[in-house]
Protein chains: 2
Amino acid sequence: MNQQMGLRERKKERTRETIAETAIRLFLDKGFDRVSVTEVAERAEVSRRTLFAYFPTKEDLVLHRFADHESEAARIVRARPEGQPPLDALRQALLTALAERDPNTGLNDSPETIAFFGLITSTESLAARLTRYVARGIDALADAFREAGADPLDARLLAAQVIMVERELAEINHAHLVDGQSADDRYPEAVRAAGRAYDLLRDGAGSLA
Amino acid sequence: MNQQMGLRERKKERTRETIAETAIRLFLDKGFDRVSVTEVAERAEVSRRTLFAYFPTKEDLVLHRFADHESEAARIVRARPEGQPPLDALRQALLTALAERDPNTGLNDSPETIAFFGLITSTESLAARLTRYVARGIDALADAFREAGADPLDARLLAAQVIMVERELAEINHAHLVDGQSADDRYPEAVRAAGRAYDLLRDGAGSLA
DNA sequence: TGCAAGTCTGCACCGAGTATACACAGGGGT
DNA sequence: ACCCCTGTGTATACTCGGTGCAGACTTGCA
């Protein structure tokens, strides 16, 4: 029974992947607003109705991946080594992600990644819906901070700051790559900016502002 | 001619106000998703098409007010007294707004204000579109920080943090009022939280996290 | 083989938003 | 007085995202 259920699940998963891939390919090719859901369904060889059974909205065809990563920051905090401050763990994780050219850092210069990133930032409805996942990421991170012993108010404020700062850093990196800079060229400055950002979080803006 | 133009402008403005007020009243009464644009147009006695000439989207019927306030923070920084650090000016402005029970602080307990605030946070499409104005507010504030002499990277990071922190504070206040607390009861704690938030921005999370 | 549950589909429908073509008013120049 | 021009509102019909419904098909299971 387990195997049979497994087969079904796998088939559903394959259908799901096919739909999402077809959609993203079309969106990258013609632009999100210039492709109708009907066209996606036709190309993916499912009915419109079925497509909506897998993805509740058109935007989710693109953004479903982010649903999985929304609590990544919280996970990092929870998995940190004994005795390490949460902010240090997050800083370290960001530096690692930069070194690995993690797409979420905006520092991956493969054409598809750049295009995908650009698709989201340049499509208003996608950017808007993305913030929903961002908000959940903030909530999750605030929970993790609280578990780590932070005051509830501090936890929320700091979580919001961390998440927003990481987004800004990613956007800045992406902007440079769009400008033609290679990820390797940008890397040192990206590392510096990330360090500066976490210094600000730890030490504050102080007299500077 | 000036008078006639003036009259015309005023008439347009009144029409605009009528539409927006009618819409908000209906939304507060039945919920955003349970009122169609057609119904709003009928009640406001204009055609659907005319309504869309005044407000590009249904969401803007509610959010148009925020478009004006999106650069409020930037304005505060630019208008600060000679020699005052930008963060101090923002802190001071927030404390003043709290004392005045400015609706944007989430600390206004008039039933309409609470309902209006709740309408936005509980309606996904409204919350999503609101972030568009928030993003523009961040950009504007970053500009102001740069004019005040901040490094461009610092300006962006700090602007994002300030705007998000003020939003979080407002949400927390609103949540307490929804719970039944009066604005006056909540006020001391709101002041404390605001102070703590700006302390964090100035001094950082430090060893705490 | 036949039953039951889950999945897929077609169809009709709703609501948001747009294109087009038109009505109507007032103002300005001849 | 005439016409035109511009700005504002209107009716109609359309596209597209998303949902409800009822039937058909697959798949697992007895």
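Residue numbers start from 1 in every chain, and the chains themselves are labelled A, B, ... in the order their sequence lines are given, proteins ahead of strands. Just so we're clear, the structure is a prediction, and the values are computed from it rather than from any experiment.
A:E100 meets the side chain to side chain donor-acceptor pair (under 3.5 Å) test with no other residue; sequence neighbours excluded. A:D102 is linked by a side chain to side chain donor-acceptor pair (under 3.5 Å) to A:N104, counting only residues two or more places apart in sequence or in another chain. With sequence neighbours excluded, the residues that form a salt bridge (charged side-chain N to carboxylate O under 4.0 Å, His left out) with A:D184 are A:R101. In terms of the salt bridge (charged side-chain N to carboxylate O under 4.0 Å, His left out) criterion, B:D139 has no residue partners (sequence neighbours excluded). Residues passing the salt bridge (charged side-chain N to carboxylate O under 4.0 Å, His left out) test with A:R48, sequence neighbours excluded: none. With sequence neighbours left out, A:E166 forms a side chain to side chain donor-acceptor pair (under 3.5 Å) with A:Y198.
Contacts between residues 15-42 of chain B and DNA chain D, counted as heavy-atom distances below 4.0 Å, involve no residue at all. Of the residues in residues 48-55 of chain B, those lying under 4.0 Å from DNA chain D by heavy-atom distance are B:R49, B:T50, B:Y54.
Residues in residues 109-120 of chain B take part in no salt bridge (charged side-chain N to carboxylate O under 4.0 Å, His left out) pair, two or more places apart or across chains.
The shortest distance between the side-chain N/O atoms of A:K12 and the OP1/OP2 oxygens of C:dT7 is below 4.0 Å.
Atoms CD (A:E59) and C1' (C:dA16) sit 13 Å apart, rounded to a whole Å. For the pair A:D60 CG and D:dG17 C1', the interatomic distance rounds to 13 Å; values are reported in whole Å. Atom CD of B:E45 and atom C1' of D:dT10 are 15 Å apart (whole Å).
Between the side chain of A:D60 and the main chain of A:F55, no donor-acceptor pair closer than 3.5 Å is present.
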